[in-house]
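What follows is a short report on a single structure.
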Amino acid sequence: MPSILDPSTHPSPSPPPLPAAQDQNATSPPDFSPVCPGLFYDAVLIVPAVLFVLFLAFHAKRNLRKLLHGRSHVKISYYALLWLVSLLNLAWCSLQAWQCTPGSETGWNILSLFTKSGLLCMEISLVAFLLQGNYANGLEALSRTFLVTGIIVGVDILLKAVYVFGFGVPLFFDVGSTHRVKWALWSIHEIVITAVYSFVLFIRFSKWAEELPPRPTFYRYIVVMFVINSVALLACMLAGIGASFGTWLYSLIVICYHALYLPFLYVIFLADFFKEEDFLLDNAYYSEMKDAGFFDADWD
């Protein structure tokens, strides 16, 4: 007869199972709640992006002919880069719903990283080209421009990737003013960009002004970008201290930047070139027709 003191007849109770949440650390959702964009927000972003890509496509054949005729390596490179960034920007504007789609966090971060970096590349390369002075069109000027741009954008991509994928900072998600680290990082970013445009404006009114291209449109571009980045810096600082107006203002800047920056850049930097090529092509066609004798009857 077994004894009541025999431990084999009274097995010790097993410990309770761990909660399921502790077994799913690898697949747990991020520790922030993004604000899902509404239909009006999506429409304000998508419509200008689509219209600009359609505009580029409609004029692509004629513009390519002018670029090949002009043989400007700088203009050709910027036109190709403009196409690439415009398509990235269109994808970014069209896929805003990824912010609130479970499982799409990584895709949204990668798309946002490359889109933001492409836009930053356009900004930096244009400023770097400006600082070389007076429309250098050679391959040497182009290589210097993209070397400096590549280094700066590469460092920017690396730092953002570390913050986003290494430390889980929601740089590219709309999380309101609840994440102070995000707004601190964007504030530093805006301080650097604003300082660059401030430096160019300083050169414009200094003794080195003669080294810059004598085109007023470029300085209007610098002033506009200085104002935009200054307002964005103010918005980031307000959001960083918990002011909801800061997040609203930053969202407005984001809409204006993604909807209007690329068309603005086209008007400032490429539209005049295509107009000049139209004039040169018309003169060339007129000369060829005159040499062929098409206008001889007018002189008889």
Side-chain angles (χ1 to χ4, degrees), residues 37 39-98 110-130 135 137 142 145-146 149 153 213 215-225 228 252-289:
L39 182 61
F40 177 75
Y41 182 90
D42 290 344
V44 172
L45 281 173
I46 294 173
V47 171
V50 171
L51 290 177
F52 184 63
V53 171
L54 291 177
F55 171 82
L56 290 178
F58 181 76
H59 295 282
K61 184 176 180 180
R62 185 180 63 179
N63 289 344
L64 285 174
R65 187 181 73 242
K66 296 173 186 176
L67 288 168
L68 295 176
H69 180 267
R71 297 180 181 179
S72 171
H73 300 292
V74 173
K75 302 293 185 181
I76 293 173
S77 301
Y78 271 94
Y79 187 71
L81 185 60
L82 179 67
W83 258 108
L84 175 62
V85 176
S86 298
L87 294 176
L88 280 173
N89 185 62
L90 176 60
W92 185 88
C93 294
S94 303
L95 297 174
Q96 290 291 307
W98 279 13
I110 293 175
L111 176 61
S112 299
L113 180 63
F114 282 100
T115 303
K116 299 285 187 181
S117 299
L119 290 166
L120 182 64
C121 180
M122 298 291 291
E123 285 194 57
I124 296 176
S125 57
L126 180 55
V127 173
F129 179 70
L130 266 174
Y135 265 16
N137 284 316
L142 182 65
T145 298
F146 283 104
T149 302
V153 174
R215 289 202 171 191
T217 52
F218 283 127
Y219 305 113
R220 298 191 193 105
Y221 167 82
I222 296 297
V223 170
V224 170
M225 296 307 298
I228 291 176
L252 179 62
I253 293 296
V254 168
I255 291 175
C256 294
Y257 185 71
H258 282 273
L260 302 176
Y261 174 69
L262 292 174
F264 178 59
L265 185 66
Y266 179 90
V267 170
I268 292 295
F269 192 62
L270 290 172
D272 288 343
F273 170 78
F274 291 134
K275 289 179 182 178
E276 291 172 0
E277 286 301 311
D278 271 337
F279 178 75
L280 294 176
L281 284 174
D282 288 343
N283 283 343
Y285 292 152
Y286 177 80
S287 298
E288 291 176 2
M289 294 175 69

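Atom set for the values below is all heavy atoms of this structure, side chains included, hydrogens, waters and symmetry mates excluded.
Rounding to the nearest 0.5 angstrom, the gap separating the CG atom in Leu67 from the OH atom in Tyr78 is 14.0 Å. Note that the CG atom of Asn63 and the OH atom of Tyr79 stand 4.0 Å from one another [nearest 0.5 Å]. Atom CD1 of Ile228 sits about 9.5 Å away from atom OH of Tyr261, to the nearest 0.5 Å. Once rounded to the nearest 0.5 Å, the distance linking CG of Leu120 with OG1 of Thr115 reads 12.5 Å. Of the inter-residue distances, the one linking Leu82 atom CG with Ser77 atom OG reads 12.5 Å to the nearest 0.5 angstrom. Summarising the geometry, atom CG belonging to Leu265 is positioned 8.5 Å from atom CE belonging to Met225; distances are rounded to the nearest 0.5 Å.
Thr145 and Ala128 get closest at one heavy-atom pair: CG2-CB, 4.1 Å. Shown here for Leu111 and Ala91, the closest heavy-atom pair between the two residues is CD2-O, 3.9 Å. Scanning both residues, Met122 and Ser125, for their nearest heavy atoms gives O-OG, 3.2 Å.
Between Cys121 and Leu81 the shortest side-chain heavy-atom distance falls below 4.5 Å.
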Side-chain donor/acceptor pairs under 3.5 Å, residues 41-61, sequence neighbours excluded:
| residue | atom | partner | partner atom | Å |
| --- | --- | --- | --- | --- |
| His59 | ND1 | Arg62 | NH2 | 2.8 |

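Dense packing is recorded around CZ of Phe264, with more than 12 heavy atoms of other residues, nucleotides or ligands lying under 6.0 Å away.
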Q.
Would Leu119 and Leu262 count as a side-chain contact (heavy atoms from CB on, under 4.5 Å) here? Give the steps.
A. CA-CA 8 Å; Leu119 290 166; Leu262 292 174; 3.9 Å; yes
